[in-house]
Amino acid sequence: MPFDTPIDFEEALQRRQVRQFAPTDLSHAELQAMGPKIRERSLMMARVVNVEFGERVRELTIKIIQGDLTASVARRRLSELLGQMNYMPEEGKARTIQDLRSDVRLNLIIRMQVGLMFGYGQWRQGQAQSVLDAYPCQELFRAYPRKEPRDWPARWVAAGGMFFEGSSAYPEGRMIAMKNTNIWTAISAFGLPYPPFDFNSGMDIRDISREESIRLGIIREHEVTHPQARDFEEDTRMGVKKLSEEMEKVLIETMGEGWEVEDGILFKANEDKIQQMRNSQLITNLLEEYATA
Amino acid sequence: MPPLKQTLDITGGFANPAQIEKDLQSPEMLARVGNAVVMVLKSHFIALNAQRTHGFGGSDGYYEGAARGTGYTTDLGYPAVVVNQIGIALRYYGTEILPGGKLRPKNAKYLSIPNSFSSALSQVYGRSPTEFGNLHVVFGRRKDGTIGPIALAGGEGGAHRQNHVLDPNLGTYEKVGEKGKKVRVPLSLAEQGMAKNVHKKTKSSEGEILFWLVKEVYQAPDATVLPPIERLVNAGREAAVDYIAQTTPASIVENGQLTYTRPL
């Protein structure tokens, strides 16, 4: 599948539709430590281990992105399902963000899943070479107000970003960088190059034209941004250290034919690909260590 | 909902019509035009999200959802922009495009409209009455002069949110009566896990009206939900011309005479 050809929004969203839900009892921090590819492939919600619940989230999310359902109806249906499952939060966690049946948690789950799917759809469409030629850079900006906004300029600087002149909500300046550079995954709490870049984040991106990018000195006149290859169909692996035997069985059943668990590693049975990825990861790690040193 | 369609005629502006015909079929060109229109729409929705807020606080994120859910498709052989957000078309066209010109409930007798004067509006807005455990039906005279249900009010101690509600799809069908008519026998509260429900009191007081019940609603069209069509068309045209201009000469000189200059 080439990645430099235009793709339909619906088709891009369908890519997400084929993802499987991977139940996990890992915390968000632990999930973050895992590779982003599996996060893209799987709908993971920290400390949600019920396969049926995860599958329902997936179904409802797809209906929302297809315009067949509103988020409030989806929240209600998830709440109904939890009622039928006799779900009870841990002691002392009722009505907090850790209470799965609380509005705030259900809204967060739905908003994040829908947001990531749409984010991927828009990112994937922006990978057409004609779009990259016309708009080789993009700007991170506050698009939607939040009660407690994060310090994005600090995160931007920490990721190696630079500020540029022009109208901005931040006194530091505009946060602009070339598309398909590492800074976009570096600022993301999920390691993904598209919004939302964090939970409930109100930040978004907008295209910056070639003329403006050259004027600001971000690219040279004939510099080309190449489409990025992010292969969601690629075989992948996932380390789930806390996976119990029972959960292993459920997980394999959920993921479908061809998936296996070995030494706590969930992978699709295609050893050549896995070895290739391991080597690739090893090289990446070595390069990172070298760069750090 | 009917799509908005606009035709761009740019073929006359270039020297080589055959090349233009070819370029117009190019997926890259369609992507470029689609992306340009999406950018304008997205920017418009972001502005609407900041402008249109609840009476009781900030935005409900409706237009944020529209901005995030905007993309394009080339399925139809031309760039078509899609806004994956329920209600955008209804807001733009109004209920006049619906059969009968009004919005009516599909699977219920009444539409429930949050009472904007309720002290618990922030807890009611965006929710179904089925999410509240102790609402009472208020009867009164309706617009057509008949007497019937007109509102839902809070019960004893004010309305309570319930975390779990009965699933109307659960239960069994059994034949009852002489004619053997099938009737659904729902699962009991305990069977659905309702015994463990936690109720949460809202800010409302007993008897306070939380929802108005109406059989139909008229919504006027709102053209400002989308940017002016000319703006979208111009964005698409500029992107198309920009793209095609790369493959066509800026000017043609024949026999020492300037016979063609690409329009700006």
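Numbered from 1 within each chain, the chains take letters A, B, ... in sequence-line order.
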### Query
When you check the side-chain N and O atoms of B/R91 and B/Y62, is any donor under 3.5 Å from an acceptor?
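There is such a pair (donor and acceptor under 3.5 Å, judged by atom type) between the side chains of B/R91 and B/Y62.
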With a 4.5 angstrom heavy-atom cut-off, which part of A/R142 approaches chain B: side chain, backbone, both or neither?
->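 No part of A/R142 comes within 4.5 Å of chain B.
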Kindly indicate whether a cation-pi arrangement holds for A/R155 with A/W152, taking the cut-offs as under 6.0 Å to the six-membered ring centre and within 45° of the axis.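 Because its charged atom sits under 6.0 Å from the ring centre and within 45° of the axis, A/R155 does stack over A/W152.
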Inset, instruction - Determine yes or no for a side-chain-to-main-chain donor-acceptor pair under 3.5 angstrom, with A/E221 supplying the side chain and A/I214 the backbone. - result: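 Checking the backbone N and O of A/I214 against the side chain of A/E221, no donor-acceptor pair under 3.5 Å is found.
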Handout entry: Heavy-atom donor-acceptor pair, A/S79 side chain to A/R75 backbone, under 3.5 Å
Key =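 The answer is no, because no donor-acceptor pair under 3.5 Å joins these two groups.
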Once you round to the nearest 0.5 Å, how far does [atom1] of [X] lie from [atom2] of [Y]?
X: A/I109; Y: A/L100; atom1: CD1; atom2: CG; answer: 5.0 Å
X: A/I64; Y: A/Q113; atom1: CD1; atom2: CD; answer: 10.0 Å
X: A/K179; Y: A/L132; atom1: NZ; atom2: CG; answer: 5.5 Å

*asked:* For A/D68, give me all partners under salt bridge (Lys or Arg N to Asp or Glu O under 4.0 Å), at least two apart in sequence or on another chain.
replied: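 If we apply the salt bridge (Lys or Arg N to Asp or Glu O under 4.0 Å) test to A/D68, skipping adjacent residues, there are no hits.
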Can you tell which of A/V131, A/V73, A/L69 has the highest number of heavy-atom pairs within less than 4.5 Å of chain B?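 Highest number of pairs under 4.5 Å: A/V131.
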Please classify the contact of B/A67 with chain A as side chain, backbone, both or neither, using a heavy-atom distance under 4.5 Å.
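Answer is both: backbone and side chain atoms of B/A67 are under 4.5 Å from chain A.
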Residues of residues 200-210 of chain A contacting chain B, heavy-atom criterion under 4.5 Å, by residue number: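 Counting heavy atoms that sit under 4.5 Å from chain B, the residues of residues 200-210 of chain A involved are A/S201, A/G202, A/M203, A/D204, A/I205, A/D207.
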Just do the side chain to side chain contact (heavy atoms under 4.5 Å, CB included) check on A/I110 and A/L78 with the steps written out, would you? CA-CA 10 Å; A/I110 294 166; A/L78 288 176; 4.0 Å; yes
side-chain hydrogen bond (donor to acceptor under 3.5 Å, both in side chains) partners for A/T70, two or more places apart
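For A/T70, the residues satisfying side-chain hydrogen bond (donor to acceptor under 3.5 Å, both in side chains) (neighbours in sequence not counted) are A/S72.
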Practice problem: Using heavy atoms and a sub-4.5 Å threshold, report which of residues 35-47 of chain B line up against chain A, by residue number. | Solution: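 B/N35, B/M39, B/K42, B/I46, listed by number.
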Quiz prompt | side chain to side chain donor-acceptor pair (under 3.5 Å) evaluation trace for B/E238 with B/N234 | solution = CA-CA 6 Å; B/E238 281 174 20; B/N234 284 341; 5.8 Å; no
